[in-house]
Amino acid sequence: MAIRFHNTLTRRVEEFVPGRPGEVRMYHCGPTVYSTPHIGNYRTFLLGDLLRRFLEWKGLRVLQVMNLTDVGHLLDDAEEGEDKLEAAAKKAKKTAWEIAEHYTQEFFEGLDYLGFKRAHHYPKATTHVAEMIAMIEVLEQKGLAYKVPSGNVYFEIAKFPAYGRLSGNTAEELEAGARIEVNPEKRDPRDFALWKIDAHHQMQWDSPWGRGFPGWHIECSAMSKKYLGESFDLHTGGEDNVFPHHECEIAQSEGASGKPFVRHWMHARHLLVDATKMSKRLGNVHTAQSLRAKGYSGEALRVALQKAHYREPLNFTLAGLDEAEKKVARYRDVAERLASAAAPGAATGTAAAAPSSAMATLLSDLRGRFEAALDDDLNVSVAFAVLDEAVGEANRRAPQGADAAAHLALLRELWSVFGLVEKSLESAALADAQVQALIDEREAARKRRDFKRADEIRVLLKERGIELLDGKDGVRFKRSSDRPGGDAKS
RNA sequence: GGGGGCAUCGCCAAGUGGUAAGGCAACGGAUUGCAAAUCCGUUAUCCCCGGUUCAAAUCCGGGUGCCCCCUCCA
């Protein structure tokens, strides 16, 4: 079935057709590494991860790039503005480089916690200054950029008529807004910096225009070109990037190459926390690290951040995260149930024998509806509904043998698109002889109705992070420590 | 001041003209030594007002509330 995505460029949901058949090249605007990424950042990044997983599941080959902005950019448009990296550096009494390194590290910690697939490239701005300079030179040669006496180089909007197409900001509207600061250096208030000269800046590079540093927008144009080419399929970012960042990228890239830049733009809506904007003042800023410290699993956070459509507002709350934790636990439970109902050795969900035709029909129907939902501009709510139905069917029918294996295989396939229940089964399958011995002892105690001893053993194991689950077919157990990030609540 | 978006059960959230998916919570029941898991059942007329239509949560107009962008920001 055809994939349909919303395209910011046309403001419509339209068929997604890669430029090269069977291959998707996509770029995501990544973090500026001057502070710990918060869960709002991860919501946006998760759109990229979902696209990667979904497109690969659809059988497409994906080349994925996410930049790391480690050059500081100005806090405001004023010439003497201090950039964020340097502001953070001054505060921590470290260099801008050390700050960037530290927060890059934290960013990757967050990715691992949330179970991101690693992109193929994470280019850093600081190691691509040469490419940026080369692109600015091309723009200069083409007459799209100009240098002013201070040494700064600007992109001249008037020379790029398509400016404003992505955001819908027309020149008149922008001029009508009284918020554009007048910079006498610029020929037009909308012109934006390609290269800046500022002796106070820590990060400096030599360039044809003097020692300085690149403007904010040029890195994405230069790096996407290097890794994906002058034209590529998908570009994502937060909704705030539409203007001016992506608008400027288009101007630079298309101005330099003369070719269409990006086929399809997708923007993620900002996350709300407790129904309002996240802010340090309100104390509602959550990070991957802070939630992990509270005992939440990365998978639950994934669910909490992905359960609403990417273009709809999503209100994050700790209560919602608790709910997500339950959903993940339910997934793991049914996975374990199916694994033990399948033949031994089928724990990984690979069916040896063929399932019954009734089961095959059911699974194919579920799979088809799941796919149709995501094909429709990533309708995750419907996809989760199908997934939950698939889980319900497994619990209701309690399939055995090949049917159980096939059912589990489908669930694992669908979960993998959301990045869920990927590792927990393997560790759960490892039976600890010591634990088993205690379970056997408890079983013996229960048989002679010595419930006091039985409960002692339950408590003993619980203290070691192992929970016993009595069922008709025997005792199962699970370790809360198996859960990524632990589970402090149990 | 300009532009864009959203408002559906207690909470989260699908549905964009044909008579309200799903999840969580709650309640009732099954199962259970206890506990958990699981299963069955119950629970909304869609922010307000007006209009179009045989028919509207879905379209139009007017309110109200909230969010985003125009400035660094995912």
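A/Phe451 pairs by the ring-ring contact (aromatic ring centres under 6.0 Å, His included) definition with nothing, not counting sequence neighbours. Under the salt bridge (Lys or Arg N to Asp or Glu O under 4.0 Å) criterion, A/Arg446 pairs with A/Glu443, A/Asp470, sequence neighbours left out. Listed by chain and residue number, A/His128 satisfy the side-chain hydrogen bond (donor to acceptor under 3.5 Å, both in side chains) test with A/Tyr227 (two or more places apart in sequence, or in another chain).
Partner assigned to B/rA7 is B/rU64, using Watson-Crick or G-U wobble distances below 3.5 angstrom. Of all nucleotides present, only B/rC70 satisfies the Watson-Crick or G-U wobble test against B/rG1, with each distance under 3.5 Å. Partner assigned to B/rU38 is B/rA30, using Watson-Crick or G-U wobble distances below 3.5 angstrom.
In this structure, A/Glu443 places its CD atom 17 Å from P of B/rA35, rounding to the nearest Å. The distance between atom OH of A/Tyr310 and atom P of B/rC6, rounded to the nearest whole Å, is 13 Å. Across the protein-nucleic acid pair, A/His286 atom NE2 and B/rA74 atom P stand 18 Å apart, rounded to whole Å. In this structure, the CZ atom of A/Arg190 is 15 Å from the C1' atom of B/rG2, given to the nearest Å. A straight line from CG of A/Leu166 to P of B/rC69 spans 15 Å, rounded to a whole angstrom. The distance from atom OH of A/Tyr27 to atom C1' of B/rA74 is 14 Å, rounded to the nearest whole Å.
In this structure, CG in A/Asn67 is found 8.0 Å from OG1 in A/Thr32, a value given to the nearest 0.5 Å.
The stretch residues 309-329 of chain A participates, sequence neighbours left out, in these ring-ring contact (aromatic ring centres under 6.0 Å, His included) pairs: A/His286-A/Phe316. For residues 28-52 of chain A, the pairs satisfying salt bridge (Lys or Arg N to Asp or Glu O under 4.0 Å) are A/Asp49-A/Arg53, A/Asp49-A/Arg302, A/Arg52-A/Glu56, with sequence neighbours left out.
At the phosphate of B/rC72, neither OP1 nor OP2 sits under 4.0 Å from any side-chain N or O atom of A/Thr32.
Within 4.0 Å (heavy atoms only), A/Leu47 reaches no atom of the nucleic acid at all. Among the protein residues, A/Met66 comes within range of no part of the nucleic acid, since none of its heavy atoms lies under 4.0 Å from any strand.
RNA chain B is contacted by both A/Arg311 and A/Arg449; A/Arg311 maps to the nucleotide lying nearer its 5′ end (nearest heavy atom per residue).
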note = Nucleotide by nucleotide, nucleotides 8-23 of chain B touches protein heavy atoms under 4.0 Å in the pattern (B base, S sugar-phosphate only, - none) ----SSSS-----BSB
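Side-chain N/O atoms of A/Arg269 and base N/O atoms of B/rC68 include no donor-acceptor pair closer than 3.5 Å.
Taking the side chain as every heavy atom from C-beta outward, A/His246 and A/Cys29 approach each other to under 4.5 Å.
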